[in-house]
Amino acid sequence: MFKEYDFDTALKVIEKNTHLRGGLVETLRNLADTFGYINEELYPVLADTFSQSEAGVLGVVSFYHDFKTKPRAKNVIKVCMAEGCYARKSKNMIKVLCDTLETDIGEKREDGEFEIEEVFCLGNCAVGPNIVVNDKLYAEVTSDNVKNIINKNCKGK
Amino acid sequence: MIKIYVPLDTTSVSLGADEVAEEITLLAKQNNQDIQIVRNGSWGLFWLETLVEVEVNGKRIAYGPVKEKDVAGLFDADFLNGGEHPLRVGDITKVPYLAKQTRLCFKRVGLVDPMDIDDYIKHGGFTALKKALVAAPESLIKEMEHSGLRGRGGAAFPSYLKLQATKDAVDDEKFVVCNFDEGDSGTFSDRMMGEGDPFMILEGMFLTALAVGANEGYIYLRSEYPIARKVLNNAINVARKTGWLGKNIQNSGKNFDIHLRVGAGSYVCGEETALLNSLEGKRGTVRVKPPFPVHKGLFGKPTALFNVISLVSMVPIIEDGGKAYGKLGYGRSRGTCPFQLSGNIKYGGLVELPFGITVRDIIDDFGGGLEFSFDGARDVKLVQIGGPLGYHMSKNDLDNPLDYEHFKTLGGHIGHGGIIVMGHDASAKELAHFAFDFCALESCGTCTPCRIGSRRGAEMMEQIISGESVNENIILIKELCDTMTQTSLCALGGITAVPVLSLIKNFPNEFEDRYNKYVRR
């Protein structure tokens with residue numbers, strides 16, 4: 001899913017975007033897509049490239065929900081908390097999901113195997129409740145089938 | 001060679017469309033059948049997904065909902081020749097759900113191959129653009145005025161005024177921005193458009209550019225839509241290669257190019273000025289208006305910023321004339337709106353209709369009532385219209401027509417056209433809490449009423465839920481709502497009161513002080 005972070009690859013990602021006008025968010029987007037998070041050792045480089053302070057870069061990173069500053073778990077599960085899924089009884093399913101993975105919404109499990117991230121609307125509201133398991137979207141997830149979906153798609157346990 | 005359509009739409013894929021397509025390819029090979037799989041957009045009849053269509057003698061025969069395990073049975077039933085099968089739907093356009101709609105924006109979604117620009121042109125694509133390339137900008141804006149088109153993103157601002165103001169602004173550079181940050185829960189029309197007919201969005205942006213005199217456009221897409229990202233990227237590249245984007249387009253001497261930028265999970269970036277900041281690579285905070293984006297928008301330049309559906313609505317307006325478009329609709333809400341029906345409903349999907357249909361009609365005629373019951377109750381309890389910050393109506397309000405002005409008098413808005421139906425398991429208190437909590441989470445922090453008010457509101461709702469000082473908290477919440485509405489910088493804080501107040505008004509018994517009622521007396 002995500003590549004192991006290394007500085008040289010990160011530099012290449014940044015270099016690809018230097019010509020973009022106002023490209024900091026887009027660059028961070030690409031870094032997040034590649035590594036899953038933004039390593040803080042990149043702040044000086046980003047600050048230099050986009051002519052602003054390191055604090056300015058941190059300000060942008062911290063503003064957006066998608067930009068994490070810590071390495072991600074092996075398996076990232078996104079779960080929709082919005083009303084479309086709520087109306088289709090997502091509440092019970094979310095409870096079972098948390099119990100199964102032994103972690104909480106917004107938390108990474110201590111052993112780094114699982115992480116549940118809350119999202120608000122995946123645009124799939126007619127067939128919810130929806131979860132995303134390692135980039136694959138599942139619809140009609142219920143408290144009965146959620147365990148199966150996790151087992152089928154996740155490494156580790 | 002037999003053409004088989006399997007949607008690439010997010011909803012279809014989430015229900016197994018990729019696996020179905022693979023299985024069909026595999027079995028066709030085993031049976032020595034020469035087939036070609038086209039990944040189209042979805043028709044928006046989501047209970048039939050994955051909907052597989054086979055082209056037989058130039059006609060398309062649909063089967064659905066097809067699961068991976070059904071494919072072998074379809075081959076046994078000779079579906080490649082339109083054979084009988086329990087899942088056979090027949091001609092999809094004859095299904096009442098679709099036949100009863102007025103599809104102007106979505107006329108090609110489901111029908112065409114979204115990756116193929118020739119297919120787009122074959123089905124009438126770029127007709128409006130060819131007209132516009134030789135027309136005067138003023139005449140384009142005149143058509144928009146006749147059409148009565150108003151912004152479909154939520155604010156319902158007359159589109160022609162925005163175009164006129166951007167055109168009148170004098171600067172060396174101007175921009176067109178497409179707001180594809182469709183964050184409201186219960187909405188998916190932009191996504192379906194981006195995945196099913198991306199060239200129409202490009203055409204709409206180009207029309208806007210011609211009207212205002214811009215040479216560059218940006219699409220700001222939300223990150224939750226990876227398939228739309230792929231399809232739009234392809235569309236832009238193909239359009240550049242075939243001379244529909246870039247320099248001297250179709251030898252008209254006009255230049256226009258589009259860049260795709262992807263957001264980063266911020267809801268408030270759907271607000272126009274926050275979106276512009278985000279496009280500039282900054283924190284997605286809201287700007288103080290004025291100056292308005294039409295004067296100082298992206299990179300400080302005049303910018304015509306429209307929602308996806310507003311942009312695609314411009315295409316039929318230029319094609320058939322503003323007056324024809326303006327004939328549809330209700331009151332001052334002209335034209336069609338793609339309503340998105342979801343939640344606890346049997347037949348969720350996309351319903352494009354002229355304004356004016358009542359909520360009840362759309363839920364009963366199209367939605368088919370509730371899918372899940374609660375303690376045997378099968379009636380609607382609550383309908384949320386216009387996203388998380390929309391109006392929550394009880395079943396007594398269902399006869400209200402969907403029209404901008406009508407919802408304004410109710411104290412709400414149609415927003416982006418999302419309709420979420422809920423049954424009796426939904427709790428008004430929980431939803432009111434969610435509204436404040438959501439606002440707190442997504443607030444950009446620029447103005448105090450939204451940043452602090454939403455937190456205090458969420459805390460008070462928590463107290464109400466646990467039965468603490470209920471009446472006192474409700475009085476405070478009403479005051480807080482008033483403050484947030486009057487003093488917030490943008491609509492996020494400004495309309496968080498809509499769900500809260502409508503829930504308190506329409507479900508008063510849920511906000512009753514049970515403790516005092518039974519004990520203190």
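Throughout, protein chains are lettered first and strands after them, A, B, ... in sequence-line order, and every chain is numbered starting at 1.
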Using salt bridge (charged side-chain N to carboxylate O under 4.0 Å, His left out) as the criterion, list what pairs up with B:Asp18, not counting sequence neighbours.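 Checked B:Asp18 against salt bridge (charged side-chain N to carboxylate O under 4.0 Å, His left out); matches are B:Arg39.
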Validation row: [X], [Y] side chains within 4.5 angstrom (heavy atoms):
X: B:Lys282; Y: A:Leu24; answer: no
X: A:Leu122; Y: B:Phe188; answer: no
X: B:Arg261; Y: A:Leu20; answer: yes
X: B:Val13; Y: A:Leu137; answer: no
X: B:Pro226; Y: A:Asp135; answer: no

[X], part contacting chain A, at a heavy-atom distance under 4.5 Å:
X: B:Leu382; value: neither
X: B:Asp190; value: neither
X: B:Ser427; value: both
X: B:Glu49; value: neither
X: B:Tyr267; value: neither
X: B:Glu182; value: neither
X: B:Leu341; value: backbone
X: B:Phe46; value: both
X: B:Thr187; value: backbone
X: B:Leu260; value: backbone
X: B:Val421; value: backbone

Would the number of heavy atoms belonging to other residues, nucleotides or ligands and lying under 6.0 Å from [atom1] of [X] be above 12?
X: A:Glu140; atom1: CD; value: yes
X: A:Lys68; atom1: NZ; value: yes
X: A:Lys91; atom1: NZ; value: no
X: A:Lys16; atom1: NZ; value: no
X: A:Glu4; atom1: CD; value: no

Mind checking the [atom1]-[atom2] spacing from [X] to [Y]? Nearest 0.5 Å is all I need.
X: B:Ile419; Y: A:Cys125; atom1: CD1; atom2: SG; value: 12.5 Å
X: B:Asp425; Y: A:Tyr86; atom1: CG; atom2: OH; value: 7.0 Å
X: B:Ser266; Y: A:His65; atom1: OG; atom2: NE2; value: 6.0 Å
X: A:Tyr138; Y: B:Leu15; atom1: OH; atom2: CG; value: 11.5 Å
X: B:Thr11; Y: A:Asn130; atom1: OG1; atom2: CG; value: 7.5 Å

Any idea which of [options] has the most non-hydrogen atom pairs under 4.5 angstrom with chain A?
options: B:Tyr347, B:Trp47, B:Phe299, B:Phe372; answer: B:Phe299
options: B:Ser342, B:Gly387, B:Gly284; answer: B:Gly284
options: B:Gly186, B:Gly183, B:Ser189, B:Gly423; answer: B:Gly186
options: B:Arg222, B:Glu224, B:His259; answer: B:Arg222

Could you tell me whether a side-chain N or O of A:Arg88 sits under 3.5 Å from a main-chain N or O of B:Gly343, the two making a donor and an acceptor?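 Answer holds: yes.
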Decide whether B:Thr10 and A:Asn124 meet the rule of one side-chain donor and one side-chain acceptor closer than 3.5 Å.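 Side-chain D/A pair, B:Thr10 to A:Asn124: absent.
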Would you check if there is a donor-acceptor pair between the side chains of A:Tyr64 and B:Ser278 at a distance under 3.5 Å?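 Per modelled atom types, B:Ser278 and A:Tyr64 side chains form a pair under 3.5 Å.
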Among [options], which residue forms the greatest number of heavy-atom pairs with chain B at distances under 4.5 Å?
options: A:Gly84, A:Gly123, A:Ser62, A:Cys85; value: A:Gly123
options: A:Pro129, A:Ala87, A:Gly128; value: A:Ala87
options: A:Asn30, A:Leu28, A:Asp33; value: A:Asp33

Restricting to non-hydrogen atoms, name the atom on [X] and the atom on [Y] that form the minimum distance, rounded to 0.1 Å.
X: A:Ala139; Y: B:Ser14; answer: CB-OG, 3.3 Å
X: B:Ser373; Y: A:Lys89; answer: O-NZ, 3.5 Å
X: A:Glu83; Y: B:Ser185; answer: OE1-CB, 3.2 Å
X: A:Asp66; Y: B:Ser223; answer: OD2-OG, 2.5 Å

Answer with side chain, backbone, both or neither: which region of [X] has an atom nearer than 4.5 Å to a non-hydrogen atom of chain B?
X: A:Glu117; result: neither
X: A:Lys136; result: side chain
X: A:Val127; result: side chain

Taking only heavy atoms into account, what residues of residues 438-446 of chain B are found under 4.5 Å from chain A?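 Listed by number, the contacting residues are B:Phe438, B:Leu441, B:Glu442, B:Cys444.
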Thinking salt bridges, do B:Glu173 and A:Arg21 make one under a 4.0 Å N-O criterion?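 Salt bridge between B:Glu173 and A:Arg21, a charged N being under 4.0 Å from a carboxylate O: yes.
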